[in-house]
Amino acid sequence: MQELAHFIDGQHAKGTSGRFADIFNPATGEVQAKVPLASKAELDAAVASAAAAQPAWAATNPQRRARVLMEFVRLLNRDMDKLAEALSREHGKTLPDAAGDVQRGLEVVEFCIGAPHLLKGEYTDSAGPGIDMYSMRQALGVVAGITPFNFPAMIPMWKFAPAIACGNAFILKPSERDPSVPIMLAELMKEAGLPDGILQVVNGDKEAVDAILDNPTIQGIGFVGSTPIAEYIYSRGCANGKRVQCFGGAKNHMIVMPDADMDQAADALVGAGYGAAGERCMAISVAVPVGDATADKLIEKLVPRIEALKVGPYTSGKDVDYGPLVTAAAKERVLGLVNSGVEQGADLVVDGRGFNLQGYEDGFFVGPHLFDRVTRDMDIYKEEIFGPVLSTVRAQSYEEALGYAMDHEYGNGTAIFTRDGDAARDFANRINIGMVGINVPIPVPLAYHTFGGWKKSGFGDLNQHGPDAFKFYTRTKTVTARWPSGIKEGGEFSIPVME
Ligand code: NAD
């Protein structure tokens with residue numbers, strides 16, 4: 001049985017806590033490796049050596065820091081196939097989707113190569129007689145990232161690339177379900193020239209997370225995962241005086257207007273609803289057709305597309321549309337919610353409950369499901385399912401459809417499909433959700449914009465990646481400097497004001 005390690009001070013470090021988590025092959029259900037779960041003492045030691053390494057890294061000029069990231073991008077491209085395979089093996093997503101996971105992280109690294117420009121401060125010459133004023137952005141020191149299982153390459157890179165570009169040292173606590181790729185990323189950062197101690201991968205569970213939350217050296221925490229954990233980390237981290245940003249779960253609605261191109265809408269829904277087995281925080285999980293005629297047409301277009309979906313292991317090649325869920329518990333939870341939908345009166349138009357894949361009977365595969373006539377009070381509507389289950393809620397008007405998306409507690413992403421620019425514009429302006437697609441089902445912003453949800457999908461002031469990340473991972477210091485002879489004239493006792 002392969003035993004994974006932490007990555008501390010530039011090398012693999014065997015876990016010493018004696019506690020481990022199983023890593024499954026989601027396609028077969030077999031345990032393929034075990035990962036050590038760090039104790040508080042292991043976490044604290046990793047933080048202490050990161051703190052020792054950080055000042056020299058912060059003092060390295062930003063262009064040299066950016067060059068490490070430039071080389072890292074080259075290495076990511078060199079190892080793309082290897083990374084994608086390792087990712088699929090533990091997560092279960094298809095190889096093209098796994099390569100996309102690496103690619104969307106890589107693009108944020110590319111953006112961070114602009115650190116010398118992004119970190120330039122502001123300067124006011126002659127703010128007063130003989131007085132200059134300037135602000136600088138300084139690294140926080142040691143910061144940490146706690147990341148989810150569903151994007152084991154992209155989200156760690158969204159966190160550590162800007163943090164390290166800004167001159168911080170970074171403690172990464174990846175998901176214990178699929179930690180191999182995060183460790184490989186740390187190895188590549190070292191190969192790219194990153195000094196030891198600046199990127200530490202500490203594997204673990206709640207014990208390691210709590211140690212991060214309570215460690216007084218850690219100045220900032222970025223979290224991505226489910227909303228209950230996001231709320232916990234946000235409140236405890238803030239109470240401990242840290243800068244914290246947490247991104248949580250989602251329930252993304254796609255409104256389909258009567259004038260939409262129905263084939264385009266159906267294609268978009270199938271990709272956005274079932275891609276990665278629905279294990280995406282930007283997956284569309286609720287379709288809201290406006291009007292019964294629209295709903296009937298949409299369902300008619302969706303059913304054959306959903307029934308044609310190919311579900312299988314990533315090893316079956318590029319023909320597979322989606323793979324297994326990540327664990328047996330995830331599969332059980334999703335099927336439990338599907339049963340609750342049936343019991344609570346929703347219309348199960350495509351029933352994937354009997355799905356079975358020959359040779360992979362013990363894998364965590366779940367067939368695709370489509371519900372119609374879902375209502376607000378049902379658990380399948382209220383909860384994030386995080387599986388291949390699309391719910392249809394019928395609205396009788398645009399205002400009613402808008403209300404569904406606005407009233408839901410989550411506010412990560414949403415989309416509208418229409419040919420009417422006026423409706424699209426109204427939707428984009430009024431909706432209380434962080435990322436909006438207009439005839440685009442999964443509107444994940446590119447690296448140079450920022451990513452973040454509203455309501456129960458995001459906690460904290462700033463978004464992930466883009467310019468916000470450079471604000472989150474630095475503190476502003478403002479200096480007022482005077483070099484003339486005026487000081488000789490004696491002290492000033494009233495607050496200086498501009499005349
Ligand atoms: P999760 O909340 O179970 O785990 C996330 C991280 O928190 C992991 O590193 C895990 O080890 C840690 N953790 C789990 N339980 C903990 C506890 N009790 N105390 C302290 N730490 C704990 O989430 P997941 O299942 O890995 O990921 C799926 C979730 O992430 C979904 O809800 C999805 O919507 C969300 N997600 C959100 C975004 C976003 O940007 N908003 C992106 C990706 C995923």
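Just follow the structure's listing: the first ligand is 1, and inside any ligand the first atom is 1.
- What sits closest to atom 7 (O) of ligand 1 on the protein, heavy atoms only, is F223 CE1, 3.4 Å.
- Interface atoms of ligand 1 facing N150, defined by a heavy-atom separation under 4.0 Å, are 43 (C), 44 (C).
- In this model, no donor atom of one side chain and acceptor atom of the other lie less than 3.5 Å apart for K190 and Q11.
- Side-chain polar atoms of D377 and Q344 form no donor-acceptor pair below 3.5 angstrom.
- Ligand 1 places these atoms under 4.0 Å from at least one heavy atom of Q464: 40 (O).
- Atoms of ligand 1 found under 4.0 Å from any heavy atom of E176 (numbered from 1 in listed order, with element): 10 (C), 11 (O).
- Ranking protein heavy atoms by distance to atom 32 (O) of ligand 1, first place goes to E384 OE1, 2.6 Å.
- The shortest contact between atom 1 (P) of ligand 1 and any protein heavy atom is with S226 OG, 3.7 Å.
- In terms of polar-atom proximity, defined here as any N/O pair under 3.5 Å, Y232 makes no such contact with ligand 1.
- On a distance-only criterion, F149 and ligand 1 share at least one N/O pair closer than 3.5 Å.
- In terms of protein heavy atoms, atom 37 (C) of ligand 1 is closest to G248 O, 3.0 Å.
- The shortest N or O to N or O distance between G225 and ligand 1 is below 3.5 Å.
- Checking E42 against T16 by side-chain atom types alone, a donor-acceptor pair falls below 3.5 Å.
- For the residue pair C238 and V244, the shortest heavy atom distance occurs at N-CG2, 3.7 Å.
- Relative ring orientation between F7 and H12 is described as perpendicular, the plane-to-plane angle rising above 60° on a 0-90° scale split at 30° and 60°.
- The existence of a salt bridge linking E409 and K251 is excluded, since no basic side-chain nitrogen approaches an acidic carboxylate oxygen closer than 4.0 Å.
- Residue nearest to atom 36 (N) of ligand 1, selected from S175, C281, P179: C281 (by heavy-atom distance).
- Remark: R236 engages D210 in a salt bridge, criterion side-chain N to carboxylate O under 4.0 Å.
- A side-chain donor from one of Q200 and D9 sits under 3.5 Å from a side-chain acceptor of the other.
- With a 4.0 Å cut-off on non-hydrogen atoms, E279 does not touch ligand 1 at all.
- The V224 neighbourhood of ligand 1 comprises atoms 5 (C), 36 (N), 37 (C), 38 (C), 39 (C), 40 (O), 42 (C), 43 (C), 44 (C), with distances under 4.0 Å to a heavy atom of that residue.
- Contact analysis leaves V326 out of contact with ligand 1, as no non-hydrogen atom separation drops below 4.0 angstrom.
- What sits closest to atom 19 (N) of ligand 1 on the protein, heavy atoms only, is K206 CG, 3.4 Å.
- Each of V326, I385, V334 was compared with E279 under the side-chain contact (heavy atoms from CB on, under 4.5 Å) criterion, and only V326 meets it.
- Atom 27 (O) of ligand 1 has its closest protein heavy atom at P148 CB, 3.3 Å.
- Per-atom contact check: atom 11 (O) of ligand 1 touches the protein, criterion being a heavy-atom distance below 4.0 Å.
- From the protein, the heavy atom lying nearest to atom 18 (N) of ligand 1 is I229 CD1, 3.5 Å.
- Look at R333 and E383 and you find a salt bridge, because one of the NZ, NE, NH1 or NH2 atoms lies within 4.0 Å of a carboxylate O, short of that distance.
- Ring orientation note: the planes of Y274 and Y322 are close to parallel, at an angle under 30° on the 30°/60° scale.
- In this structure, F386 and F149 have perpendicular ring planes: the angle between them is above 60°, well past the 30° mark.
- Distance from atom 40 (O) of ligand 1 to its nearest protein heavy atom, with residue and atom name: F451 CE2, 3.1 Å.
- Within ligand 1, counting atoms from 1 as listed, the ones closer than 4.0 Å to a heavy atom of F247 are 39 (C), 40 (O), 41 (N).
- Not a single heavy atom of G453 lies less than 4.0 angstrom from ligand 1.
- When each atom of ligand 1 is checked for a heavy atom of I146 under 4.0 Å away, the hits are 6 (C), 7 (O), 9 (O).
- Ion pair R104/E107 flagged as a salt bridge, since at least one NZ, NE, NH1 or NH2 atom sits closer than 4.0 Å to an Asp/Glu carboxylate oxygen.
- Contact atoms of ligand 1 toward I155: 42 (C), 43 (C) (distance under 4.0 Å to a heavy atom of the residue).
- Near T147, meaning under 4.0 Å from one of its heavy atoms, ligand 1 places the atoms 6 (C), 8 (C), 9 (O).
- Electrostatic pairing of K93 and D178 does not count as a salt bridge here, judged by no charged N lying under 4.0 Å from a carboxylate O.
- Between D210 and ligand 1, a contact under 3.5 Å exists for no N or O pair.
- Both cation-pi conditions hold for R376 and Y404: the charged atom is under 6.0 angstrom from the six-membered ring centre and inside a 45 degree cone around its axis.
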